[in-house]
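Have a look at the structure below before the remarks.
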There are 2 protein chains.
Amino acid sequence: MAHREFKQKIYAEFARIGNALGSARRLELLDILAQGPRHVEALAAETDMTVANVSQHLQVLRQARLVEAEREGTKALYRLADRHVLDLWLTLRSVAEERLADLGQLRRDVDVYDEESPVPRDELERLLLDRDAVLIDTRPSREYEHGHLPASISMPMEELPERLHELPRDRPIIAYCRGDYCLFADEAVTLLREKGFEAHRLDGGWPEWWAEDRAVVGDPEIT
Amino acid sequence: MAHREFKQKIYAEFARIGNALGSARRLELLDILAQGPRHVEALAAETDMTVANVSQHLQVLRQARLVEAEREGTKALYRLADRHVLDLWLTLRSVAEERLADLGQLRRDVDVYDEESPVPRDELERLLLDRDAVLIDTRPSREYEHGHLPASISMPMEELPERLHELPRDRPIIAYCRGDYCLFADEAVTLLREKGFEAHRLDGGWPEWWAEDRAVVGDPEIT
DNA sequence: TTTTTATTCAAGCGTTCTATTGAATACGCC
DNA sequence: GGCGTATTCAATAGAACGCTTGAATAAAAA
(Lines give C-alpha, C1' and ligand atoms only; values in the text may rest on other atoms or scores of the structure.)
Protein backbone atom coordinates (compact mmCIF):
# COMPACT_ATOMS: atom_id res chain seq x y z
CA MET A 1 0.00 0.00 0.00
CA ALA A 2 1.23 3.46 -0.85
CA HIS A 3 2.00 6.00 1.86
CA ARG A 4 -0.53 8.56 0.78
CA GLU A 5 -3.27 5.95 0.69
CA PHE A 6 -2.29 4.69 4.12
CA LYS A 7 -2.44 8.17 5.59
CA GLN A 8 -5.82 8.88 4.07
CA LYS A 9 -7.19 5.73 5.60
CA ILE A 10 -5.86 6.17 9.10
CA TYR A 11 -6.92 9.77 9.34
CA ALA A 12 -10.37 8.76 8.17
CA GLU A 13 -10.49 6.22 11.00
CA PHE A 14 -9.44 8.79 13.57
CA ALA A 15 -11.95 11.23 12.18
CA ARG A 16 -14.76 8.71 12.75
CA ILE A 17 -14.09 9.05 16.44
CA GLY A 18 -13.66 12.79 16.32
CA ASN A 19 -16.86 13.08 14.40
CA ALA A 20 -18.75 11.08 17.00
CA LEU A 21 -17.54 13.61 19.56
CA GLY A 22 -18.71 16.51 17.43
CA SER A 23 -22.31 16.74 18.54
CA ALA A 24 -23.54 18.26 21.77
CA ARG A 25 -26.26 15.66 22.01
CA ARG A 26 -23.86 12.77 21.69
CA LEU A 27 -21.53 14.24 24.27
CA GLU A 28 -24.43 14.55 26.65
CA LEU A 29 -25.19 10.87 26.15
CA LEU A 30 -21.55 9.98 26.67
CA ASP A 31 -21.48 12.01 29.85
CA ILE A 32 -24.48 10.22 31.25
CA LEU A 33 -23.04 6.86 30.32
CA ALA A 34 -19.88 7.86 32.20
CA GLN A 35 -22.02 7.57 35.35
CA GLY A 36 -23.08 4.03 34.55
CA PRO A 37 -25.00 1.93 32.01
CA ARG A 38 -28.41 3.04 30.83
CA HIS A 39 -31.33 1.88 28.71
CA VAL A 40 -32.28 3.86 25.64
CA GLU A 41 -35.47 5.12 27.18
CA ALA A 42 -33.72 6.36 30.31
CA LEU A 43 -31.29 8.29 28.16
CA ALA A 44 -34.13 9.80 26.18
CA ALA A 45 -35.90 10.90 29.34
CA GLU A 46 -32.78 12.43 30.82
CA THR A 47 -31.91 14.40 27.71
CA ASP A 48 -35.35 15.42 26.47
CA MET A 49 -34.81 13.72 23.16
CA THR A 50 -37.09 11.37 21.31
CA VAL A 51 -36.23 7.72 21.68
CA ALA A 52 -35.57 7.38 17.96
CA ASN A 53 -33.15 10.25 18.00
CA VAL A 54 -31.28 8.84 20.96
CA SER A 55 -31.11 5.47 19.26
CA GLN A 56 -29.69 7.11 16.18
CA HIS A 57 -26.98 8.94 18.09
CA LEU A 58 -26.14 5.76 19.93
CA GLN A 59 -25.56 4.04 16.61
CA VAL A 60 -23.04 6.70 15.71
CA LEU A 61 -21.26 6.29 19.02
CA ARG A 62 -21.32 2.56 18.60
CA GLN A 63 -19.86 2.64 15.13
CA ALA A 64 -17.01 4.73 16.51
CA ARG A 65 -16.66 2.02 19.19
CA LEU A 66 -17.12 4.49 21.98
CA VAL A 67 -20.10 2.68 23.46
CA GLU A 68 -21.32 -0.91 23.50
CA ALA A 69 -24.81 -2.35 23.73
CA GLU A 70 -25.94 -5.47 25.48
CA ARG A 71 -29.40 -6.91 24.99
CA GLU A 72 -31.37 -7.79 28.09
CA GLY A 73 -34.54 -9.41 26.82
CA THR A 74 -36.52 -6.64 25.28
CA LYS A 75 -34.23 -3.87 26.46
CA ALA A 76 -30.82 -2.71 25.28
CA LEU A 77 -28.31 -1.63 27.89
CA TYR A 78 -25.67 0.81 26.71
CA ARG A 79 -22.34 1.51 28.38
CA LEU A 80 -18.98 3.10 27.59
CA ALA A 81 -16.84 0.70 25.62
CA ASP A 82 -13.92 0.92 28.04
CA ARG A 83 -12.19 3.29 30.39
CA HIS A 84 -9.98 4.76 27.68
CA VAL A 85 -13.16 6.30 26.35
CA LEU A 86 -13.64 7.98 29.68
CA ASP A 87 -10.08 9.27 29.50
CA LEU A 88 -10.79 10.69 26.10
CA TRP A 89 -13.92 12.45 27.28
CA LEU A 90 -12.18 13.91 30.31
CA THR A 91 -9.21 15.01 28.22
CA LEU A 92 -11.51 16.69 25.75
CA ARG A 93 -13.19 18.51 28.60
CA SER A 94 -9.97 19.62 30.17
CA VAL A 95 -8.72 20.99 26.88
CA ALA A 96 -11.98 22.85 26.55
CA GLU A 97 -11.59 24.26 30.03
CA GLU A 98 -8.05 25.29 29.35
CA ARG A 99 -8.80 26.94 26.06
CA LEU A 100 -12.27 28.35 26.28
CA ALA A 101 -12.37 31.11 28.85
CA ASP A 102 -16.11 31.45 28.35
CA LEU A 103 -16.60 28.06 29.95
CA GLY A 104 -15.44 29.20 33.37
CA GLN A 105 -17.66 32.21 33.02
CA LEU A 106 -20.67 30.08 32.20
CA ARG A 107 -19.97 28.04 35.29
CA ARG A 108 -19.88 31.13 37.46
CA ASP A 109 -23.09 32.47 35.98
CA VAL A 110 -25.10 29.64 37.41
CA ASP A 111 -27.22 30.54 40.42
CA VAL A 112 -25.94 27.90 42.77
CA TYR A 113 -22.29 28.33 41.90
CA ASP A 114 -20.03 27.84 44.91
CA GLU A 115 -17.50 30.70 45.00
CA GLU A 116 -15.03 28.92 47.17
CA SER A 117 -12.51 26.63 45.55
CA PRO A 118 -13.41 22.95 45.70
CA VAL A 119 -11.59 20.38 47.83
CA PRO A 120 -8.84 18.62 45.82
CA ARG A 121 -9.19 14.88 45.51
CA ASP A 122 -5.90 14.18 47.25
CA GLU A 123 -6.96 16.21 50.23
CA LEU A 124 -10.22 14.31 50.45
CA GLU A 125 -8.36 11.07 50.87
CA ARG A 126 -6.47 12.52 53.84
CA LEU A 127 -9.60 13.97 55.41
CA LEU A 128 -11.48 10.71 55.19
CA LEU A 129 -8.57 8.78 56.61
CA ASP A 130 -8.62 11.05 59.65
CA ARG A 131 -12.42 10.94 59.83
CA ASP A 132 -12.42 14.71 59.78
CA ALA A 133 -15.24 15.06 57.31
CA VAL A 134 -18.39 13.42 56.00
CA LEU A 135 -18.69 12.70 52.31
CA ILE A 136 -22.06 12.71 50.59
CA ASP A 137 -22.94 11.53 47.09
CA THR A 138 -25.70 13.72 45.70
CA ARG A 139 -26.35 11.76 42.52
CA PRO A 140 -29.49 9.70 41.97
CA SER A 141 -29.29 6.49 43.98
CA ARG A 142 -29.07 4.35 40.88
CA GLU A 143 -25.72 5.86 40.09
CA TYR A 144 -24.52 5.51 43.66
CA GLU A 145 -25.33 1.84 43.50
CA HIS A 146 -23.41 1.37 40.31
CA GLY A 147 -20.27 2.69 41.98
CA HIS A 148 -19.25 5.34 44.48
CA LEU A 149 -16.37 6.78 46.49
CA PRO A 150 -15.36 4.85 49.61
CA ALA A 151 -17.00 6.04 52.83
CA SER A 152 -19.54 8.12 50.94
CA ILE A 153 -23.19 8.28 51.95
CA SER A 154 -25.86 8.31 49.28
CA MET A 155 -27.91 11.45 49.62
CA PRO A 156 -29.58 12.25 46.32
CA MET A 157 -30.26 15.93 45.88
CA GLU A 158 -34.02 15.39 45.92
CA GLU A 159 -33.92 13.65 49.28
CA LEU A 160 -31.42 15.95 50.90
CA PRO A 161 -33.87 18.53 52.33
CA GLU A 162 -35.67 15.89 54.41
CA ARG A 163 -32.54 14.11 55.52
CA LEU A 164 -30.55 16.97 56.99
CA HIS A 165 -30.90 15.52 60.49
CA GLU A 166 -28.69 12.60 59.43
CA LEU A 167 -25.73 14.93 58.97
CA PRO A 168 -23.33 16.07 61.69
CA ARG A 169 -22.93 19.73 62.60
CA ASP A 170 -19.50 19.39 64.17
CA ARG A 171 -17.63 18.27 61.05
CA PRO A 172 -17.42 19.61 57.53
CA ILE A 173 -19.56 17.98 54.87
CA ILE A 174 -18.11 17.39 51.44
CA ALA A 175 -20.42 16.84 48.50
CA TYR A 176 -19.68 15.35 45.10
CA CYS A 177 -21.75 14.41 42.09
CA ARG A 178 -21.22 13.65 38.42
CA GLY A 179 -18.25 15.88 37.82
CA ASP A 180 -17.09 19.41 37.33
CA TYR A 181 -20.04 20.46 35.23
CA CYS A 182 -22.73 18.82 37.32
CA LEU A 183 -24.55 21.12 39.68
CA PHE A 184 -26.00 18.72 42.27
CA ALA A 185 -23.04 19.19 44.58
CA ASP A 186 -23.19 22.97 44.29
CA GLU A 187 -26.87 22.90 45.11
CA ALA A 188 -26.19 20.71 48.11
CA VAL A 189 -23.46 23.00 49.37
CA THR A 190 -25.69 26.03 48.99
CA LEU A 191 -28.55 24.36 50.85
CA LEU A 192 -26.35 23.05 53.65
CA ARG A 193 -24.73 26.43 54.22
CA GLU A 194 -28.13 28.05 54.47
CA LYS A 195 -29.01 25.54 57.17
CA GLY A 196 -25.87 26.29 59.13
CA PHE A 197 -23.66 23.38 58.14
CA GLU A 198 -20.07 23.69 57.02
CA ALA A 199 -20.06 22.39 53.47
CA HIS A 200 -17.69 22.19 50.52
CA ARG A 201 -17.72 20.57 47.15
CA LEU A 202 -15.20 18.08 45.87
CA ASP A 203 -13.11 18.92 42.85
CA GLY A 204 -14.44 16.71 40.09
CA GLY A 205 -16.88 13.88 40.65
CA TRP A 206 -17.30 10.19 40.19
CA PRO A 207 -15.82 9.89 36.67
CA GLU A 208 -12.73 11.95 37.51
CA TRP A 209 -12.17 9.88 40.64
CA TRP A 210 -12.60 6.61 38.88
CA ALA A 211 -10.48 7.57 35.88
CA GLU A 212 -7.60 8.23 38.27
CA ASP A 213 -7.75 4.67 39.49
CA ARG A 214 -8.54 5.58 43.05
CA ALA A 215 -10.23 3.17 45.43
CA VAL A 216 -13.97 2.78 44.82
CA VAL A 217 -16.91 0.78 46.12
CA GLY A 218 -18.98 -1.21 43.67
CA ASP A 219 -18.17 -2.94 40.44
CA PRO A 220 -18.01 -0.20 37.88
CA GLU A 221 -15.86 -2.15 35.45
CA ILE A 222 -17.30 -1.16 32.16
CA THR A 223 -16.38 -4.30 30.30
CA MET B 1 -29.32 30.58 34.68
CA ALA B 2 -31.34 27.38 34.62
CA HIS B 3 -29.71 23.97 34.71
CA ARG B 4 -30.97 22.78 31.39
CA GLU B 5 -29.76 25.93 29.69
CA PHE B 6 -26.36 25.62 31.33
CA LYS B 7 -25.99 22.06 30.15
CA GLN B 8 -26.95 22.90 26.61
CA LYS B 9 -24.33 25.60 26.51
CA ILE B 10 -21.44 23.64 27.93
CA TYR B 11 -22.08 20.62 25.75
CA ALA B 12 -22.19 22.91 22.75
CA GLU B 13 -18.78 24.26 23.75
CA PHE B 14 -17.34 20.78 24.11
CA ALA B 15 -18.85 19.80 20.80
CA ARG B 16 -17.05 22.67 19.07
CA ILE B 17 -13.82 20.93 19.92
CA GLY B 18 -15.11 17.48 19.04
CA ASN B 19 -16.38 18.81 15.78
CA ALA B 20 -13.00 20.27 14.91
CA LEU B 21 -11.58 16.79 15.41
CA GLY B 22 -14.18 15.26 13.15
CA SER B 23 -12.53 15.74 9.79
CA ALA B 24 -9.69 13.64 8.41
CA ARG B 25 -8.19 16.70 6.77
CA ARG B 26 -8.11 18.67 9.97
CA LEU B 27 -6.56 15.80 11.89
CA GLU B 28 -3.86 15.58 9.27
CA LEU B 29 -3.10 19.27 9.78
CA LEU B 30 -3.06 18.81 13.53
CA ASP B 31 -0.69 15.90 13.20
CA ILE B 32 1.74 17.93 11.12
CA LEU B 33 1.55 20.82 13.55
CA ALA B 34 2.41 18.36 16.32
CA GLN B 35 5.86 18.20 14.73
CA GLY B 36 6.32 21.95 14.87
CA PRO B 37 4.94 25.25 13.55
CA ARG B 38 4.20 25.67 9.86
CA HIS B 39 3.11 28.26 7.35
CA VAL B 40 -0.14 27.81 5.51
CA GLU B 41 1.57 27.13 2.25
CA ALA B 42 3.78 24.44 3.74
CA LEU B 43 0.73 22.71 5.15
CA ALA B 44 -0.99 22.87 1.79
CA ALA B 45 2.02 21.35 0.05
CA GLU B 46 2.35 18.56 2.59
CA THR B 47 -1.31 17.58 2.45
CA ASP B 48 -2.09 18.08 -1.23
CA MET B 49 -4.82 20.57 -0.46
CA THR B 50 -5.42 23.97 -1.96
CA VAL B 51 -4.21 26.85 0.14
CA ALA B 52 -7.73 28.21 0.52
CA ASN B 53 -8.97 24.90 1.79
CA VAL B 54 -6.18 24.62 4.32
CA SER B 55 -6.86 28.15 5.47
CA GLN B 56 -10.50 27.31 5.96
CA HIS B 57 -9.77 24.23 8.02
CA LEU B 58 -7.28 26.20 10.07
CA GLN B 59 -10.01 28.68 10.90
CA VAL B 60 -12.12 25.86 12.27
CA LEU B 61 -9.24 24.60 14.38
CA ARG B 62 -8.54 28.09 15.55
CA GLN B 63 -12.09 28.75 16.56
CA ALA B 64 -11.96 25.61 18.65
CA ARG B 65 -8.74 27.02 20.13
CA LEU B 66 -6.74 24.00 19.12
CA VAL B 67 -4.25 26.00 17.08
CA GLU B 68 -2.93 29.55 17.17
CA ALA B 69 -1.62 31.80 14.44
CA GLU B 70 1.13 34.32 14.64
CA ARG B 71 1.77 36.78 11.86
CA GLU B 72 5.30 37.10 10.57
CA GLY B 73 5.21 39.91 8.08
CA THR B 74 3.33 38.56 5.12
CA LYS B 75 3.19 34.99 6.41
CA ALA B 76 1.09 33.36 9.09
CA LEU B 77 2.76 30.78 11.30
CA TYR B 78 0.43 28.21 12.83
CA ARG B 79 1.14 26.03 15.84
CA LEU B 80 -0.72 23.90 18.37
CA ALA B 81 -2.28 26.09 21.01
CA ASP B 82 -0.66 24.21 23.89
CA ARG B 83 0.53 20.80 24.90
CA HIS B 84 -2.86 19.75 26.22
CA VAL B 85 -3.94 19.75 22.61
CA LEU B 86 -1.20 17.26 21.87
CA ASP B 87 -2.44 15.13 24.77
CA LEU B 88 -5.89 15.21 23.30
CA TRP B 89 -4.69 14.17 19.87
CA LEU B 90 -2.61 11.33 21.28
CA THR B 91 -5.47 10.17 23.50
CA LEU B 92 -7.82 10.17 20.56
CA ARG B 93 -5.36 8.08 18.62
CA SER B 94 -4.83 5.61 21.40
CA VAL B 95 -8.56 5.13 21.82
CA ALA B 96 -8.77 4.55 18.10
CA GLU B 97 -6.01 1.97 18.29
CA GLU B 98 -7.62 0.26 21.20
CA ARG B 99 -11.04 0.07 19.63
CA LEU B 100 -10.56 -0.22 15.92
CA ALA B 101 -8.93 -3.50 15.12
CA ASP B 102 -8.76 -2.55 11.46
CA LEU B 103 -6.17 0.10 12.28
CA GLY B 104 -3.52 -2.39 13.30
CA GLN B 105 -4.28 -4.32 10.17
CA LEU B 106 -3.85 -1.25 8.00
CA ARG B 107 -0.49 -0.66 9.63
CA ARG B 108 0.62 -4.20 8.85
CA ASP B 109 -0.52 -3.96 5.24
CA VAL B 110 2.05 -1.30 4.46
CA ASP B 111 5.01 -2.49 2.43
CA VAL B 112 7.74 -1.29 4.74
CA TYR B 113 6.09 -2.46 7.94
CA ASP B 114 8.63 -3.69 10.48
CA GLU B 115 7.43 -7.03 11.86
CA GLU B 116 9.51 -6.90 14.99
CA SER B 117 8.12 -5.05 17.97
CA PRO B 118 9.49 -1.54 18.42
CA VAL B 119 11.87 -0.50 21.20
CA PRO B 120 9.96 0.93 24.19
CA ARG B 121 10.79 4.49 25.11
CA ASP B 122 11.99 3.56 28.58
CA GLU B 123 14.40 1.05 27.15
CA LEU B 124 15.81 3.63 24.77
CA GLU B 125 16.78 5.86 27.68
CA ARG B 126 18.75 2.99 29.21
CA LEU B 127 20.43 2.09 25.92
CA LEU B 128 21.52 5.64 25.28
CA LEU B 129 22.87 6.02 28.78
CA ASP B 130 25.05 2.99 28.24
CA ARG B 131 26.02 4.15 24.74
CA ASP B 132 24.84 0.81 23.45
CA ALA B 133 22.96 2.16 20.47
CA VAL B 134 22.85 5.01 17.97
CA LEU B 135 19.66 6.97 17.59
CA ILE B 136 18.70 8.54 14.28
CA ASP B 137 15.91 11.01 13.56
CA THR B 138 14.54 10.33 10.10
CA ARG B 139 12.26 13.36 9.87
CA PRO B 140 12.95 16.32 7.60
CA SER B 141 15.71 18.45 9.09
CA ARG B 142 13.38 21.35 9.76
CA GLU B 143 11.53 19.24 12.29
CA TYR B 144 14.74 18.01 13.85
CA GLU B 145 15.81 21.60 14.33
CA HIS B 146 12.57 22.50 16.00
CA GLY B 147 13.14 19.84 18.63
CA HIS B 148 14.53 16.33 18.89
CA LEU B 149 15.45 13.54 21.27
CA PRO B 150 18.71 13.92 23.17
CA ALA B 151 21.71 12.26 21.51
CA SER B 152 19.83 11.78 18.25
CA ILE B 153 21.47 12.38 14.90
CA SER B 154 19.47 14.03 12.15
CA MET B 155 19.31 11.72 9.19
CA PRO B 156 16.32 12.59 7.04
CA MET B 157 14.97 9.68 5.10
CA GLU B 158 15.89 11.25 1.78
CA GLU B 159 19.53 11.66 2.76
CA LEU B 160 19.91 8.30 4.46
CA PRO B 161 20.98 6.28 1.41
CA GLU B 162 24.05 8.48 0.82
CA ARG B 163 24.98 8.76 4.46
CA LEU B 164 25.16 5.11 5.45
CA HIS B 165 28.93 5.34 5.95
CA GLU B 166 28.34 7.64 8.92
CA LEU B 167 26.64 4.86 10.85
CA PRO B 168 28.41 2.20 12.94
CA ARG B 169 28.14 -1.50 12.14
CA ASP B 170 29.03 -2.73 15.59
CA ARG B 171 26.06 -1.25 17.45
CA PRO B 172 22.32 -1.35 16.88
CA ILE B 173 20.72 1.66 15.19
CA ILE B 174 17.39 2.89 16.44
CA ALA B 175 15.23 5.06 14.21
CA TYR B 176 12.33 7.31 15.11
CA CYS B 177 10.17 9.76 13.24
CA ARG B 178 6.84 11.51 13.65
CA GLY B 179 5.08 8.84 15.61
CA ASP B 180 3.36 5.49 15.46
CA TYR B 181 1.67 6.14 12.15
CA CYS B 182 4.61 7.71 10.38
CA LEU B 183 6.53 5.41 8.09
CA PHE B 184 9.93 7.13 7.79
CA ALA B 185 11.39 5.05 10.61
CA ASP B 186 10.06 1.82 9.14
CA GLU B 187 11.57 2.70 5.80
CA ALA B 188 14.89 3.46 7.44
CA VAL B 189 14.89 0.17 9.33
CA THR B 190 14.08 -1.73 6.16
CA LEU B 191 16.88 -0.04 4.24
CA LEU B 192 19.45 -0.44 7.01
CA ARG B 193 18.71 -4.14 7.40
CA GLU B 194 19.15 -4.67 3.67
CA LYS B 195 22.57 -3.06 3.95
CA GLY B 196 23.58 -5.32 6.81
CA PHE B 197 23.04 -3.04 9.79
CA GLU B 198 21.20 -4.04 12.95
CA ALA B 199 18.24 -1.67 13.08
CA HIS B 200 15.07 -1.22 15.11
CA ARG B 201 12.37 1.38 15.32
CA LEU B 202 11.38 3.28 18.43
CA ASP B 203 7.90 2.94 19.83
CA GLY B 204 6.21 6.23 19.09
CA GLY B 205 8.04 9.28 17.83
CA TRP B 206 8.74 12.85 18.68
CA PRO B 207 5.23 13.85 19.83
CA GLU B 208 4.83 10.83 22.07
CA TRP B 209 8.25 11.46 23.60
CA TRP B 210 7.60 15.11 24.16
CA ALA B 211 4.10 14.61 25.56
CA GLU B 212 5.60 12.37 28.21
CA ASP B 213 7.78 15.21 29.41
CA ARG B 214 11.02 13.44 28.69
CA ALA B 215 14.28 15.29 28.16
CA VAL B 216 14.56 16.97 24.75
CA VAL B 217 16.93 19.18 22.81
CA GLY B 218 15.61 22.41 21.35
CA ASP B 219 12.92 24.77 22.46
CA PRO B 220 9.70 23.16 21.38
CA GLU B 221 7.56 25.08 23.84
CA ILE B 222 4.49 25.72 21.81
CA THR B 223 3.47 28.92 23.52
C1' DT C 1 -51.79 -16.45 19.02
C1' DT C 2 -52.43 -11.79 19.88
C1' DT C 3 -50.90 -7.79 22.33
C1' DT C 4 -47.62 -4.96 24.53
C1' DT C 5 -43.14 -2.97 25.14
C1' DA C 6 -38.41 -1.42 23.79
C1' DT C 7 -35.74 -0.43 20.18
C1' DT C 8 -34.24 0.11 15.48
C1' DC C 9 -34.89 1.17 10.61
C1' DA C 10 -36.30 4.08 6.53
C1' DA C 11 -37.85 8.17 4.32
C1' DG C 12 -38.15 13.08 4.04
C1' DC C 13 -36.87 17.80 4.57
C1' DG C 14 -34.43 21.60 6.05
C1' DT C 15 -29.86 22.87 7.63
C1' DT C 16 -24.95 22.67 7.74
C1' DC C 17 -20.45 21.30 5.91
C1' DT C 18 -16.91 20.74 2.12
C1' DA C 19 -14.02 21.95 -1.66
C1' DT C 20 -13.47 25.01 -5.40
C1' DT C 21 -13.11 29.30 -7.57
C1' DG C 22 -12.11 34.00 -7.80
C1' DA C 23 -11.88 38.31 -5.42
C1' DA C 24 -10.16 41.01 -1.40
C1' DT C 25 -6.86 42.19 2.11
C1' DA C 26 -2.46 43.13 4.14
C1' DC C 27 2.27 43.33 4.17
C1' DG C 28 7.02 43.95 2.26
C1' DC C 29 9.84 45.50 -1.46
C1' DC C 30 11.27 48.14 -5.36
C1' DG D 1 3.02 54.87 -4.87
C1' DG D 2 2.63 50.42 -7.43
C1' DC D 3 3.65 45.41 -7.59
C1' DG D 4 4.18 40.66 -5.90
C1' DT D 5 3.30 37.39 -2.35
C1' DA D 6 0.78 34.98 1.40
C1' DT D 7 -3.40 34.48 3.32
C1' DT D 8 -8.24 35.13 4.08
C1' DC D 9 -12.94 36.03 2.61
C1' DA D 10 -17.22 35.23 -0.22
C1' DA D 11 -20.09 32.65 -3.16
C1' DT D 12 -21.49 28.43 -4.93
C1' DA D 13 -23.00 23.62 -5.76
C1' DG D 14 -23.17 19.18 -4.03
C1' DA D 15 -22.82 15.98 -0.22
C1' DA D 16 -23.71 14.90 4.46
C1' DC D 17 -26.15 15.56 8.81
C1' DG D 18 -29.97 16.03 12.34
C1' DC D 19 -34.51 15.61 13.72
C1' DT D 20 -39.15 13.98 12.99
C1' DT D 21 -42.56 10.66 11.68
C1' DG D 22 -44.27 6.22 10.99
C1' DA D 23 -43.38 1.47 10.07
C1' DA D 24 -40.68 -2.85 11.22
C1' DT D 25 -38.66 -6.08 14.40
C1' DA D 26 -38.15 -8.90 18.27
C1' DA D 27 -38.86 -10.45 22.80
C1' DA D 28 -42.17 -10.89 26.68
C1' DA D 29 -46.78 -11.04 28.50
C1' DA D 30 -51.56 -12.20 28.19
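Excluded from the calculations below are hydrogen atoms, water molecules and symmetry mates; all remaining heavy atoms, backbone and side chain alike, are included. Below, read A as the first sequence line, B as the second, and so on, with proteins coming before strands; counting in each chain starts at 1.
In this structure, B/R16 places its CZ atom 16 Å from C1' of C/dT16, rounding to the nearest Å. Note: CD (A/E70) to P (C/dT8) measures 13 Å, nearest angstrom. Distance CD (B/Q59) to P (C/dA19): 15 Å, rounded to an integer number of Å.
At distances below 3.5 Å, at least one donor-acceptor pair connects side-chain atoms of B/R83 with backbone N or O atoms of B/W210.
One finds no side-chain N or O of B/Y78 lying less than 4.0 angstrom from the OP1 or OP2 phosphate oxygen of D/dA6.
B/R142 meets the side chain to side chain contact (heavy atoms under 4.5 Å, CB included) test with B/R38; sequence neighbours excluded.
Heavy atoms of other residues, nucleotides or ligands lying less than 6.0 angstrom from CD of A/Q59 number more than 12.
Between A/Q35 and the choices A/R178, A/H146, A/E46, A/R139, the side chain to side chain donor-acceptor pair (under 3.5 Å) rule is met once, by A/R139.
Of the residues in residues 34-48 of chain A, those placing a heavy atom less than 4.0 Å from an atom of DNA chain C are A/H39, A/V40, A/E41, in numerical order.
Aromatic ring orientation, A/Y181 versus B/F14: perpendicular (interplanar angle above 60°, classes split at 30° and 60°).
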Quick tally for nucleotides 14-30 of chain D: nucleotides whose base has a protein heavy atom under 4.0 Å get B, sugar-phosphate-only ones S, the rest -, giving ----SBBB-----SS--
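With respect to B/R121 and B/E212, a salt bridge is recorded, a charged nitrogen being found less than 4.0 Å from a carboxylate O. Salt-bridge check for B/D31 with B/R93: passed, with a basic side-chain N closer than 4.0 Å to an acidic carboxylate O.
Atom-to-atom distance recorded for A/R201:CZ and A/I136:CD1 is 11.5 Å, nearest 0.5 angstrom.
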